[in-house]
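For reference, the structure discussed in these notes is given below.
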Amino acid sequence: MPATATPLGQLLARHTREGVLYEKLPQDRVRCFACGHRCLIPPGHDGVCRVRFNDAGTLRVPHGYVGALQLDPVEKKPFFHALPGAKALSFGMLGCDFHCGYCFTGDTVVVADEGPTTFSELFASCARRECRPDAELAFPDDRRVIAASGGLRRLRGVVRHRYRGELVTLRPLYLPPVRCTPDHRVYATTDPMLPPEPVRAKDLSPRHYLAIPRRVAAAAALSSLDVAALLRDHRVTYRVSWDLPPQQRELIASATARGESSRAIGSVIGKDPSYVRHVRSKIARGLGEATRTRGPIAEHGTVRFPGERGEGIPASLPVDADLAALLGYYCAEGCVVRSRKRPNRYVLNFSFSHQEVELAERVRALLKKCLGVEARLVLRETTLGVAAGKSSAALLFKALAGGRSSEKRVPLPIISAGPDQLRAFLDAYVAGDGHRYPTGKVAITTVSPALARGVAWLVLRIGCLPSLYTHPTAGRGTIQGRSVRQSPFQFAVVWYTDHAVVRRAIETADNYLVPLRGIEVEAYDGDVYNMEVEEEHTYLAGFFAASNCQNWLTSQALRDPKAVSPPEVMSPSEIVRLAHRHGARIVTSTYNEPLITSEWAVAVFKEAMPEGLVCSYVSNGNATPEVL
Ligand code: SF4
Ligand code: SF4
């Protein structure tokens with residue numbers, strides 16, 4: 001769809017004139033060479049930037065408006081050394097040719113209101129997508145992410161695009177490496193006395209510290225769980241016992257379709273007409289089959305699945321320290337097993353060592369207290385198990401925290417929980433599957449990357465700096481003489497509850513400053529991601545503060561219908577007058593990529609230079625010899 005098909009595109013199309021940086025080709029096609037894309041544009045279409053378009057063989061280019069206008073001290077500009085102390089009037093238009101490489105790889109951990117996730121998962125979770133030849137944009141319904149300040153800010157959208165070129169790997173102490181394009185700016189400092197500032201990845205050195213905010217926000221804590229909503233997606237298929245054989249039910253259905261009465265049908269099959277009416281009603285409601293499929297049954301304040309024995313579990317569960325502890329034990333030692341003989345039956349299992357009788361009893365007591373579920377102790381050859389054959393309880397834990405070890409995650413209600421629940425969860429997790437050292441060091445291991453990064457995030461939330469390490473495994477191990485397959489990686493999270501323990505990270509009032517121990521550059525060809533975060537234009541990448549493109553509003557207005565940056569009609573002489581009125585000595589074409597609006601910049605400069613103003617042009621690159 002050409003941009004001119006959108007209301008904003010139509011408005012912008014009225015503020016254009018014929019371009020200079022293009023050539024006419026046969027069949028009314030044009031070749032634009034304002035930027036390195038060198039778009040070949042057929043009539044009625046626009047270029048990658050969406051603001052230059054072919055109108056019957058003539059390239060129309062933006063003219064006569066501004067999408068952004070700002071007066072700044074020159075020190076805020078990349079050419080801060082040009083006229084020290086001077087003011088610069090910056091102007092920009094709309095559109096973007098999408099060739100900056102301000103992006104991270106898809107495996108980079110970012111932190112959203114639902115906890116740590118990866119860029120690619122965040123992109124995939126967005127409600128709405130828009131595919132462009134140059135990039136894909138994903139827009140969430142209502143999501144927030146943690147910004148560099150540690151606060152939650154609204155996420156405008158996530159960008160994914162193909163990138164071929166150099167990629168910088170930043171290797172910090174304590175935390176996994178992050179990979180980004182050389183121009184991406186991350187917050188760093190070489191002097192712990194000075195606040196971290198955005199520095200391009202390619203300019204970082206092992207003298208730099210990266211910054212992690214010390215105080216991080218969380219979404220509003222849930223006071224209780226809606227169990228029916230959590231189990232809603234699970235359906236069970238079960239057999240229905242009928243007095244009537246299937247042939248007679250089919251006969252009733254076909255006779256009903258022919259319009260026969262219940263009395264007539266009953267006389268054929270030897271049944272009372274009222275019984276036939278009852279069967280017809282069930283068939284009409286889709287209940288005439290030998291099996292039925294349905295979700296959980298919520299009644300009398302409880303939730304259970306069809307065929308589940310005994311009472312259901314409470315429909316509403318308070319998110320208190322007891323439930324948090326139970327979830328902590330589950331993340332450490334629990335799993336959900338489906339019965340081989342009864343496929344609708346799920347068992348909630350916890351496995352402890354033979355010595356951990358006290359822990360096993362505590363889990364039994366918590367299951368009874370939180371869910372009203374009776375669990376039994378099971379003595380196995382190598383473990384002491386706690387087993388609850390209650391499908392609703394088992395599936396609730398699976399929905400909250402994952403079923404298998406490699407799929408475990410910190411439950412969402414814990415990600416946003418208050419400090420008491422956080423500590424209860426972590427204490428239980430560590431008691432089940434971690435270790436506390438006399439030095440105050442605490443360590444846990446897991447084969448789930450999502451659980452590891454979730455625990456690391458909780459550690460940050462309780463005011464400690466986590467370390468997160470990834471170790472490859474041998475792939476196979478031996479248990480009780482049996483060869484078993486291992487997850488390819490094991491993840492360890494380590495933290496210190498004793499702040500007197502000396503680590504090489506520095507704690508300032510606002511940040512943990514983590515030393516960079518290495519920077520590598522490699523060739524890359526693949527997808528990269530970036531996102532726009534409102535207000536701060538920053539986010540956390542691998543827990544480290546990073547900046548995003550500040551120009552979303554001006555660069556993406558034609559792609560993102562919610563990007564609000566209405567163009568303001570303005571002539572070059574008005575811009576010059578404004579510069580004089582506000583004492584600016586410099587006018588600069590910037591914000592979105594100015595290459596795509598070069599003719600407009602030249603029109604402004606032609607009026608500004610004779611008036612004694614210094615003219616500048618801030619480009620991300622991707623220029624052509626013609627435009628230069
Ligand atoms: S400015 Fe670049 S992206 Fe836009 S039409 Fe011209 S060549 Fe294509
Ligand atoms: S200006 Fe912003 S949106 Fe456009 S390519 Fe650069 S980083 Fe991406």
Side-chain angles (χ1 to χ4, degrees), residues 1-6 8-68 91-103 130-137 159-165 183 528 530 549 551-552 554-560 563 565 567 589-605 617-628:
M1 180 178 71
T4 44
T6 66
L8 179 58
Q10 286 165 8
L11 176 67
L12 293 187
R14 293 202 287 275
H15 301 295
T16 56
R17 61 162 50 171
E18 184 178 359
V20 175
L21 297 161
Y22 84 107
E23 62 177 325
K24 289 179 182 274
L25 298 171
Q27 295 162 336
D28 280 346
R29 294 178 307 159
V30 299
R31 167 89 62 193
C32 173
F33 41 75
C35 84
H37 284 301
R38 294 187 178 276
C39 295
L40 176 63
I41 312 174
H45 287 75
D46 47 37
V48 165
C49 58
R50 308 198 73 189
V51 292
R52 298 167 76 92
F53 60 93
N54 181 342
D55 180 21
T58 297
L59 184 73
R60 305 289 303 180
V61 304
H63 184 89
Y65 75 88
V66 290
F91 61 91
M93 301 186 99
L94 300 179
C96 177
D97 67 345
F98 250 113
H99 251 243
C100 323
Y102 295 164
C103 299
E130 196 176 307
C131 292
R132 300 289 308 161
D134 51 345
E136 287 173 90
L137 301 166
V159 181
R160 173 168 75 184
H161 66 95
R162 190 86 182 170
Y163 170 81
R164 183 189 290 172
D183 284 336
V528 287
N530 199 359
C549 167
N551 299 332
W552 183 278
T554 48
S555 65
Q556 300 308 312
L558 285 158
R559 294 180 170 90
D560 175 4
S565 183
S589 175
T590 180
Y591 296 125
N592 62 328
E593 175 48 62
L595 288 170
I596 65 176
T597 55
S598 292
E599 289 92 342
W600 166 244
V602 169
V604 175
F605 295 165
Y617 183 91
V618 181
S619 169
N620 288 315
N622 198 29
T624 58
E626 295 93 325
V627 77
L628 293 176

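Each ligand, and each atom within it, is numbered from 1 in the order the structure gives. Computation of the quantities below employed the complete heavy-atom set of this structure, encompassing side-chain atoms and omitting hydrogens, waters and symmetry-equivalent molecules.
Taking the six-membered ring where the residue is Trp, Tyr65 and His15 present tilted rings, their angle falling between 30° and 60°.
Interface atoms of ligand 1 facing Val48, defined by a heavy-atom separation under 4.0 Å, are 3 (S), 8 (Fe). Of all atoms in ligand 1, numbered sequentially from 1 with element shown, those under 4.0 Å from a heavy atom of Ile596 are 1 (S). Listed by number with element, the atoms of ligand 1 under 4.0 angstrom from any heavy atom of Ala34 are 1 (S). Applying the 4.0 Å criterion to heavy atoms of Gly47 picks out, from ligand 1, the atoms 5 (S). Close contacts of ligand 1 with Arg38, meaning ligand atoms under 4.0 Å from a residue heavy atom, involve 7 (S).
Counting only distance, with no hydrogens or angles, the side chain of Arg31 and the backbone of Arg38 share a donor-acceptor pair below 3.5 Å. At least one donor-acceptor pair under 3.5 Å links the side chain of Arg60 to the backbone N or O of Thr16.
Among the atoms of Cys49, an N, O or S atom falls under 2.8 Å from atom 4 (Fe) of ligand 1. Cys35 lies apart from atom 6 (Fe) of ligand 1 in this respect, since none of its N, O or S atoms is found at a distance under 2.8 Å.
There is a side-chain donor-acceptor pair under 3.5 Å between Tyr617 and Ser598.
Among residues two or more places apart in sequence or in another chain, the side-chain hydrogen bond (donor to acceptor under 3.5 Å, both in side chains) test is passed with Glu18 by Tyr22.
To the nearest 0.5 Å, atom CG of residue Leu595 and atom CG of residue Leu21 are 9.5 Å apart.
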